A.B. asks: 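Please find one structure pasted underneath; my questions will follow.
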There are 4 protein chains.
Amino acid sequence: MAVPKIDRKDQVLRAAERLFSQRGFHAASVRDIAHALQIKGGSLYAHIESKDDLLWEIVSVAADRFFAAISPIVKADLVPVERLKRAILAHVGVITGNLEAAAVYSNEWRNLSDRRRTQFAARRDEYEGIFRGLLGDCIREGTFAAVDEKFATLLILSSMNWIYQWYRADGPMTPEEIARKLTEMIFNGLRR
Amino acid sequence: MAVPKIDRKDQVLRAAERLFSQRGFHAASVRDIAHALQIKGGSLYAHIESKDDLLWEIVSVAADRFFAAISPIVKADLVPVERLKRAILAHVGVITGNLEAAAVYSNEWRNLSDRRRTQFAARRDEYEGIFRGLLGDCIREGTFAAVDEKFATLLILSSMNWIYQWYRADGPMTPEEIARKLTEMIFNGLRR
Amino acid sequence: MAVPKIDRKDQVLRAAERLFSQRGFHAASVRDIAHALQIKGGSLYAHIESKDDLLWEIVSVAADRFFAAISPIVKADLVPVERLKRAILAHVGVITGNLEAAAVYSNEWRNLSDRRRTQFAARRDEYEGIFRGLLGDCIREGTFAAVDEKFATLLILSSMNWIYQWYRADGPMTPEEIARKLTEMIFNGLRR
Amino acid sequence: MAVPKIDRKDQVLRAAERLFSQRGFHAASVRDIAHALQIKGGSLYAHIESKDDLLWEIVSVAADRFFAAISPIVKADLVPVERLKRAILAHVGVITGNLEAAAVYSNEWRNLSDRRRTQFAARRDEYEGIFRGLLGDCIREGTFAAVDEKFATLLILSSMNWIYQWYRADGPMTPEEIARKLTEMIFNGLRR
DNA sequence: CATGAATGAGACTTCATTCAT
DNA sequence: GATGAATGAAGTCTCATTCAT
């Protein structure tokens, strides 16, 4: 009846990312998501297992992207501070390239089922641990002051994860600029 | 006799803050909140108008607290950088002193009714504007480098608003220490 | 609003027994049951946990009745054949006194959740075991011929459990007559 | 080449018999049946008209089998008690030879559409009437005592229709043995 | 024949809310 | 104040069925 739709599953994921990020998991109904694809609520279930699965898929694909972006950098043969710089750029790149998924990743994991929430938390901690390691290297190497590692890591990550709140692809700043400014501010501080 | 009769309405607000912050607005039902007070769902309506009102009350009281904490500082006769420092301390104080309300303030405003969401957004922008003003003063005065004002403001606010994710009243850091470390890092950067 | 309804839960159980027995578990919807009480579907949930629970309650109360009716007889100090006779009378009494519940007990246990179905089967086997014991006593005592015990037990139970298909309280036979005729036929056979 | 091409329609019927008998009509979905044939739900409709038709077909083929098995016996020139014996053997033969269909016949007719249910009930009553006639002959001839005809008929039929609950083709008893034991018990009773 | 995608109806269930008691 | 019972709306999901490919 309809035109042959390519990769319907992807469309579903993207619509869900958009609605979950805009309204939140519970405020975005299955019907809303289906409506975005111009089909009826029940029809979604030809493509997904459950709403919970949908959230899980978004959130774990997002996690995969973050890990994939950072992994090569961690092993790179560079001075620590350069590795951290590039990791920040990579992370910002994933966020700006997948704004809605990143927002869901940051805000909606609470709505996962118990088992998955635990699983998610573990991966998130692992990711945080990688950043902390990069930062720790900078400190041990002497480039950075002996700040509280955990605290500083959260400063970096939280400032990046807030980006989705105001970044627009058609806005004035490129992801590179954002990353550069962020790095500059966090590394050197605001003081002249 | 005079058993210290704690205001029931306050109990309701506190229970709602807790549940909204833990599970999110939609995942915390009116019955859940009532259950926390050991009464039945319907009985809550002797104390509140509606669930939406409850959220609004939490969120606007939280906003009031932030404004109240900062207002005297803005007008204080101090060098700009000192004003900013104290504003940060005040803001951190409100967060750590009202962890759950602060979490609701940060995360659940999306679930307000349309009209109230607009109203909320305006206040939030106003608050952000105050911080931006404090920061701008530091730049104009020459203490701070000529960074992107909006960007730097968001860096400060976002790093503070993330605190509720890990701060615990019985943890190792006092609010003052948190504020001090945060200020130190943001003002001077991580670099040695 | 409505007149104070006494024991609403009982009314729910009775309506469910009726509808489950008439149409089967799946063909009788929650709305149908609610409609029988002149309330809306969702309102049932003030009285039950779930449709599955409702079935379970009916089925286990029915099982309880059967056990309660038979237990004193098993321990009675009577000749075996008399015990069996009275057990049959008791069982027929439970069926005719709770026609619809008995029908649900016999036919709808398949629709229980896995865990409960297992639990149910165990009790059912236990009950069958009791009858088998009574019958075995009659054989060992010499009153009955050395028939296949399991087979004969099923003959007795199945002929009784079929009663709900045709018995009507306002019909021509009392439960006692039914039990007497049944006993007569099974004990002495059809042959002159 | 001529691979023995088993009729697809038969496979559908057999899968449906199995699933309807195991789970009940409503709990066995069209998709379940299709899955048993390793095709998708919609594809079943190349072979059936509707789920209701499927049930009807199973149930009426089963009825046909019962009638076909008994018809020649009713007209046979034998003493009444012998005719009854053979009818029982024939009926047991149909059940044990078509266990699942027999179970569906006994339990799922309630789920037929209204019109068909009525039609089915008429045939069922007719069949019961035949058995009742056979039994009546035995009474009139003087072989059997003057028992309640309807009651005795139901005793015989119900004990047979319960067989599917425990009979297994690979079990210890042949259909002939089952029929013989059943006849023995019902004709002569349990008493020594 | 089989499939994937869709549909409309309806299933069970939860929820915020109301109100007589 | 609190409760039990009810409601209407909505939510997620399943199902029998259809049809273009």
Side-chain angles (χ1 to χ4, degrees), chain A residues 1-5 8-9 11-12 25-34 37-54, chain B residues 5 8-9 11-12 25-34 37-55, chain C residues 1-5 8-9 11-12 25-34 37-54, chain D residues 8-9 12 25-34 37-55:
Chain A
M1 186 183 277
V3 194
K5 301 296 176 68
R8 207 65 163 143
K9 178 65 179 285
Q11 295 181 296
V12 172
F25 180 72
H26 280 111
S29 77
V30 165
R31 261 200 273 283
D32 291 336
I33 298 168
L37 306 182
Q38 286 171 300
I39 60 177
K40 297 291 150 62
S43 309
L44 256 199
Y45 288 81
H47 310 289
I48 66 168
E49 288 290 310
S50 68
K51 197 189 180 190
D52 197 72
D53 272 24
L54 193 47
Chain B
K5 179 116 179 85
R8 199 68 161 173
K9 179 63 179 288
Q11 294 182 292
V12 173
F25 179 72
H26 279 111
S29 76
V30 167
R31 272 176 176 79
D32 290 337
I33 298 168
L37 305 183
Q38 288 170 300
I39 60 177
K40 295 292 153 57
S43 311
L44 256 200
Y45 286 80
H47 309 288
I48 66 169
E49 285 295 307
S50 70
K51 198 188 180 191
D52 193 70
D53 274 20
L54 195 46
L55 176 57
Chain C
M1 188 184 278
V3 194
K5 301 298 177 69
R8 206 67 163 140
K9 178 66 179 284
Q11 295 180 297
V12 173
F25 180 72
H26 280 112
S29 76
V30 165
R31 261 202 272 283
D32 291 336
I33 298 167
L37 305 183
Q38 288 171 298
I39 59 177
K40 297 291 151 59
S43 309
L44 258 199
Y45 288 81
H47 309 288
I48 66 169
E49 288 289 309
S50 69
K51 198 190 181 189
D52 197 72
D53 271 25
L54 193 47
Chain D
R8 199 68 162 175
K9 178 63 178 287
V12 173
F25 179 73
H26 280 110
S29 75
V30 167
R31 272 177 175 80
D32 290 337
I33 298 167
L37 306 183
Q38 287 169 301
I39 59 177
K40 295 291 154 56
S43 311
L44 256 201
Y45 287 80
H47 310 289
I48 66 170
E49 285 294 307
S50 70
K51 197 189 181 190
D52 192 69
D53 273 21
L54 196 46
L55 176 58

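Order of the sequence lines fixes the chain letters, A, B, ..., with proteins taken first and strands second; residue numbering starts at 1 for each chain. It should be emphasised that the depicted structure is a prediction, and the values quoted were computed from it without experimental measurement.
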A.B. asks: Separation of D/E49 atom CD from F/dT18 atom C1', in whole Å?
C.D. replies: 13 Å
A.B. asks: May I have the distance from B/I48 (atom CD1) to F/dA2 (atom C1'), rounded to whole angstrom?
C.D. replies: 14 Å
A.B. asks: With a 4.0 Å cut-off on heavy atoms, is A/H47 in touch with a base, just the backbone sugar-phosphate, or nothing at all?
C.D. replies: sugar-phosphate
A.B. asks: Output yes when at least one side-chain N/O atom of A/R8 is less than 4.0 Å from OP1 or OP2 of E/dA6, else no.
C.D. replies: yes
A.B. asks: Measure across C/L44 and C/A34 and return the closest heavy-atom pair with its distance rounded to 0.1 Å.
C.D. replies: CG-CB, 3.9 Å
A.B. asks: Using whole Å, report how far NZ of A/K9 lies from P of E/dA6.
C.D. replies: 14 Å
A.B. asks: Separation of B/Q38 atom CD from F/dT3 atom C1', in whole Å?
C.D. replies: 15 Å
A.B. asks: Figure out the CG/P separation between D/L55 and F/dA16, and round it to whole Å.
C.D. replies: 12 Å
A.B. asks: Quick one: is the NZ or CZ of D/K51 closer than 6.0 Å to the six-membered ring centre of D/F25, and within 45° of its axis?
C.D. replies: yes
A.B. asks: Taking the side chain as C-beta and beyond, is there a heavy-atom pair between A/I48 and A/V30 under 4.5 Å?
C.D. replies: no
A.B. asks: What closest approach, in Å, do C/V12 and C/I33 show between heavy atoms, and which atom pair accounts for it?
C.D. replies: O-CG2, 4.3 Å
A.B. asks: Can you see if the side chain of A/R31 gets near the phosphate of F/dT12 - specifically, an N or O under 4.0 Å from OP1 or OP2?
C.D. replies: no
A.B. asks: For C/L44 and for A/A28, locate the closest nucleotide of DNA chain F by heavy-atom distance; then report the residue assigned to the nucleotide nearer the 5' terminus.
C.D. replies: C/L44
A.B. asks: Below the 4.0 Å mark, does F/dT14 have OP1 or OP2 next to a side-chain nitrogen or oxygen of A/Y45?
C.D. replies: no
A.B. asks: Taking OP1 and OP2 of E/dA6, is either one under 4.0 Å from a side-chain nitrogen or oxygen of A/K40?
C.D. replies: no
A.B. asks: Without decimals, in angstroms, what is the distance between B/D53 CG and E/dA16 C1'?
C.D. replies: 13 Å
A.B. asks: Does C/H26 or A/G42 map to a spot on DNA chain E nearer the 5' end, using the closest nucleotide for each?
C.D. replies: A/G42
A.B. asks: Starting at the 5' end of DNA chain F, write a dot or bracket for each base, bracketing those in Watson-Crick or G-U wobble pairs whose two distances are under 3.5 Å and using | for partners on another strand.
C.D. replies: .||||||||||||||||||||
A.B. asks: Please report the shortest heavy-atom distance between A/H26 and B/H26, naming the atom on each side.
C.D. replies: CB-CB, 3.4 Å
A.B. asks: A/I39 or C/S43: which one's nearest nucleotide on DNA chain E is closer to the 5' end?
C.D. replies: A/I39
A.B. asks: If you find the nucleotide of DNA chain F closest to D/S50 and the one closest to A/V30, which residue's nucleotide is nearer the 5' end?
C.D. replies: A/V30
A.B. asks: Mind listing the closest non-hydrogen atom pair of A/S43 and A/I39 along with its distance?
C.D. replies: CB-CD1, 3.9 Å
A.B. asks: Nearest whole angstrom, please: distance from the C1' of E/dT17 to the CG of B/D32.
C.D. replies: 16 Å
A.B. asks: Whole-Å distance between E/dT17 P and B/I33 CD1?
C.D. replies: 10 Å
A.B. asks: Quick check: closest heavy atoms across C/R8 and C/L37, and the distance to 0.1 Å?
C.D. replies: NH2-O, 3.4 Å
